[in-house]
Amino acid sequence: MMSNSVYKPCWRWVACLLLQAIYASQVSAETGSARLDHPAAVGLPGDGIDLGTMGRGNATTLDEGFAASQQKYKLSSPRKLQINLNKAALAENGSGDDVLPAGEQHGLTIADVRARALQNNLSLKVVQFDPAIAESALRAERAKFDNIIYASLRRSRENLPLTSGDIVELKSEDAQLDGQLVKLNKAEQQIDYLDGEAGVAIPLRTGGVVRLSTPFERKLTTGALGTDEYRRATRFSISQPLLRDAGVRVNEASIRIAELDQRAVDAQTRLQSIRVVSLIDKAYWDLYAAWAELEVRRQQYDLAARNLNMVRRMVEEGLVASIEASRAEIGVSDRVEALIVAKTRLQLSQRQLQFLLNDPQYAMEGDALIRPQSEPVLLHYEFDKDRLVESAMQGRLELLELELKLAADINKIEYLQNQTLPLFTLDYSYGALSAGSSSLSRAYDSPFDNRFNEWSVGLRFELPMTNEARRNQLQQAVQQRMQRLATKELQTLTVKREIHDVVDQAEQHWQRIIAARQQVMLASVNYDAELKQFNEGLRNMTEVLEMLSRLGESQVKEIRAIVDYQAALIDIAYTTGTLLGYGQVELGS
């Protein structure tokens with residue numbers, strides 16, 4: 001039994017150690033919450049790209065590029081033909097208006113389409129659950145340091161018969177008793193036990209566990225020498241690993257990995273959002289091209305129908321042979337087929353955009369038609385590929401995701417390195433004991449009266465004989481990181497190639513626009529000339545219709561070149577990890 005002078009400093013030391021452990025746990029938990037609420041800065045790219053800042057000079061307009069092309073290739077400057085259709089003359093043969101899809105047309109800009117898609121697109125709705133799932137996983141990892149309140153209560157009974165006991169030799173100061181052999185038999189008796197314990201366990205971020213508990217027990221014996229005993233204790237214990245699982249960095253490794261995984265999921269979600277918005281942009285311009293092509297095909301049909309009416313009148317007046325009317329009818333039939341194909345393409349483009357929008361107002365089974373209202377970007381940019389590559393290295397979300405996974409790999413390797421160490425644990429326990437009779441409350445009258453106490457200090461050691469499992473887990477993590485480093489190098493090289501490819505494609509499509517514009521102007525002039533020569537009897541209707549077909553195909557080529565140029569600009573933005581700034585778009589808001 002310790003004296004009061006020894007007992008009081010011991011309790012001060014125990015209380016100080018307990019308070020320090022609880023304070024360290026609370027401070028570490030608050031620090032962890034701060035990390036969760038304010039994660040380390042890994043910047044995500046902005047939504048829009050300024051194409052003007054990625055060029056070597058000022059952007060040029062289509063007219064400026066067209067003039068430069070004419071001078072470079074020594075081309076003429078034809079005037080563009082203005083075709084005025086005679087609606088009264090077309091009334092007899094009909095117009096292409098009845099070929100248009102039925103339904104009410106709704107004009108939408110590309111910003112309107114984006115906003116509706118971000119609100120309703122199913123692909124975006126699916127990926128928006130991923131950040132919430134990752135955040136729940138992070139919170140679950142943080143919860144492993146949650147304090148645990150525990151309690152137990154048990155009642156048992158023993159009905160013991162008379163049993164033969166051990167033979168013992170007495171040691172006594174009484175000479176008559178000293179050295180005597182006696183046999184201790186266990187008498188017939190009934191023993192009722194009631195024991196329980198309540199306490200709190202505090203997991204520490206250093207890997208240890210602090211426990212503060214108060215166990216109690218009642219032992220009621222009935223028989224010749226019956227007793228009613230109550231015992232209780234106030235116990236403090238701490239178990240702290242010294243090698244394996246020791247240290248804040250090791251025990252917080254899973255939390256850091258979960259934080260990095262959460263940010264990687266954010267990057268994946270944002271990448272998927274950018275990908276979907278890019279698809280929507282391209283679907284919008286594809287619909288723009290479908291409407292423009294349908295207009296061209298309808299104009300072709302109207303011009304062919306006007307020529308048919310004109311030829312019929314000339315046949316009636318005897319100015320041309322009747323075979324010219326048949327040739328004109330064939331031209332109208334060809335234009336009808338082209339109209340049908342263009343209408344079907346428009347319907348398919350409508351349906352594709354409606355699928356991406358998933359807007360009830362523009363359901364695929366409805367009769368609402370989307371009519372693009374935004375004008376295409378017709379500016380020529382001389383892109384600086386090195387600047388684009390530099391921007392992509394900072395903004396590509398695939399590269400950011402790889403960086404986050406590489407950081408997680410480092411934490412995993414550090415943790416597995418620690419797991420290869422032996423398990424060496426220090427255990428300490430101290431308890432203040434007291435007892436009472438007739439009631440449990442008496443056992444709690446003087447919990448710190450320094451009459452009875454117990455303490456223990458121990459060490460535990462554990463090490464697998466080969467330790468192959470943990471060593472191979474570490475080797476696997478190292479190889480996985482090496483694989484990811486090789487993947488990053490491959491991804492970096494792929495990004496550079498993609499940027500060079502899309503810049504060259506954008507330049508190609510711009511030159512296609514200029515070339516198609518020249519073809520349209522020349523075809524317009526030639527068609528006008530062929531029609532005049534037909535009226536003078538120098539050409540037949542087949543030659544007129546052939547030039548009309550060239551005019552239509554040139555117009556369609558110009559439309560497709562313009563749309564391909566818009567798609568190339570979208571790809572340039574995508575390769576840098578951003579979007580074209582048609583509208584203010586907040587991803588993941």
Side-chain angles (χ1 to χ4, degrees), residues 1-26 28 144-156 158 166 168 171 191 193-219 221 227 229-248 250-251 418-419 421-437 440-464:
M1 183 182 301
M2 293 189 301
S3 64
N4 288 336
S5 61
V6 177
Y7 177 74
K8 290 181 180 179
C10 180
W11 260 107
R12 290 195 193 98
W13 179 81
V14 171
C16 181
L17 182 61
L18 177 62
L19 290 175
Q20 287 179 352
I22 296 175
Y23 176 76
S25 178
Q26 291 177 345
S28 186
K144 69 179 184 179
F145 293 112
D146 196 7
N147 297 339
I148 302 171
I149 298 174
Y150 63 93
S152 64
L153 183 66
R154 184 184 65 173
R155 185 178 185 277
S156 61
E158 294 180 353
D166 298 331
V168 298
K171 293 293 183 180
I191 305 176
Y193 292 99
L194 178 65
D195 57 84
E197 184 178 10
V200 58
I202 305 173
L204 303 178
R205 293 177 183 262
T206 58
V209 178
V210 172
R211 294 180 183 272
L212 181 62
S213 63
T214 172
F216 64 89
E217 180 187 53
R218 180 194 183 190
K219 182 179 180 183
T221 305
T227 60
E229 299 175 290
Y230 293 87
R231 293 190 291 266
R232 65 100 210 143
T234 300
R235 182 169 289 123
F236 164 81
S237 66
I238 182 171
S239 178
Q240 176 61 52
L242 301 179
L243 293 177
R244 187 199 306 168
D245 296 329
V248 175
V250 171
N251 288 277
N418 176 268
Q419 294 302 295
L421 299 175
L423 181 63
F424 190 55
T425 306
L426 171 66
D427 297 314
Y428 172 79
S429 175
Y430 181 88
L433 311 177
S434 64
S437 59
L440 181 63
S441 61
R442 295 201 173 196
Y444 282 92
D445 285 344
S446 302
F448 306 111
D449 59 2
N450 194 25
R451 295 183 60 193
F452 308 99
N453 59 77
E454 63 179 9
W455 62 269
S456 66
V457 176
L459 295 172
R460 288 181 295 152
F461 180 84
E462 177 184 308
L463 178 65

Tell me, do T227 and K219 make a side-chain contact under 4.5 Å, heavy atoms counted? no
Taken to the nearest 0.5 Å, the spacing of Y430 OH from T234 OG1 works out to 10.0 Å
For L421 and R244 the tightest heavy-atom approach is O-NE, 3.0 Å
Excluding sequence neighbours, so at least two apart, what forms side chain to side chain contact (heavy atoms under 4.5 Å, CB included) with A201? I148, Y150, V209, R211
Can you list the residues that meet the side-chain hydrogen bond (donor to acceptor under 3.5 Å, both in side chains) rule with T206, with sequence neighbours excluded? Q240
Please identify each residue that fulfils side chain to side chain contact (heavy atoms under 4.5 Å, CB included) with S429, with sequence neighbours left out. R235, S237, S456
Spell out, as yes or no, whether a donor-acceptor pair under 3.5 Å connects the side chain of R155 to the backbone of L194. no
When every non-hydrogen atom of E217 is compared with those of Y193, the smallest separation belongs to OE2-CD2, 4.2 Å
D427: which residues meet the side chain to side chain contact (heavy atoms under 4.5 Å, CB included) condition with it, sequence neighbours left out? S239, T425, R460
Under the salt bridge (Lys or Arg N to Asp or Glu O under 4.0 Å) test, residues paired with R218 that sit two or more places apart: D228
Could you grab the distance from atom CG of L426 to atom CG of L459, nearest 0.5 Å is fine? 5.5 Å
Tell me every residue that passes side-chain hydrogen bond (donor to acceptor under 3.5 Å, both in side chains) with D245, counting only those two or more places apart in sequence or in another chain. Q419
Around L153, counting heavy atoms of other residues, nucleotides and ligands shown, do more than 12 lie under 6.0 Å from its CG? yes
Which residues share a salt bridge (Lys or Arg N to Asp or Glu O under 4.0 Å) with D195, sequence neighbours left out: R154
How long is the gap from CD1 on I202 to CD1 on I149, to the nearest 0.5 Å? 10.0 Å
So, using side-chain hydrogen bond (donor to acceptor under 3.5 Å, both in side chains) as the criterion, who are the partners of K144 when residues are at least two apart? S254
Correct closest heavy-atom pair for E197 and S213 would be OE2-OG, 2.9 Å
Holding to side chain to side chain contact (heavy atoms under 4.5 Å, CB included), I want the full list of residues that pass it with N251, two or more places apart in sequence or in another chain. F145
Here the pair of heavy atoms bringing G207 nearest to P241 is O-CD, 3.3 Å
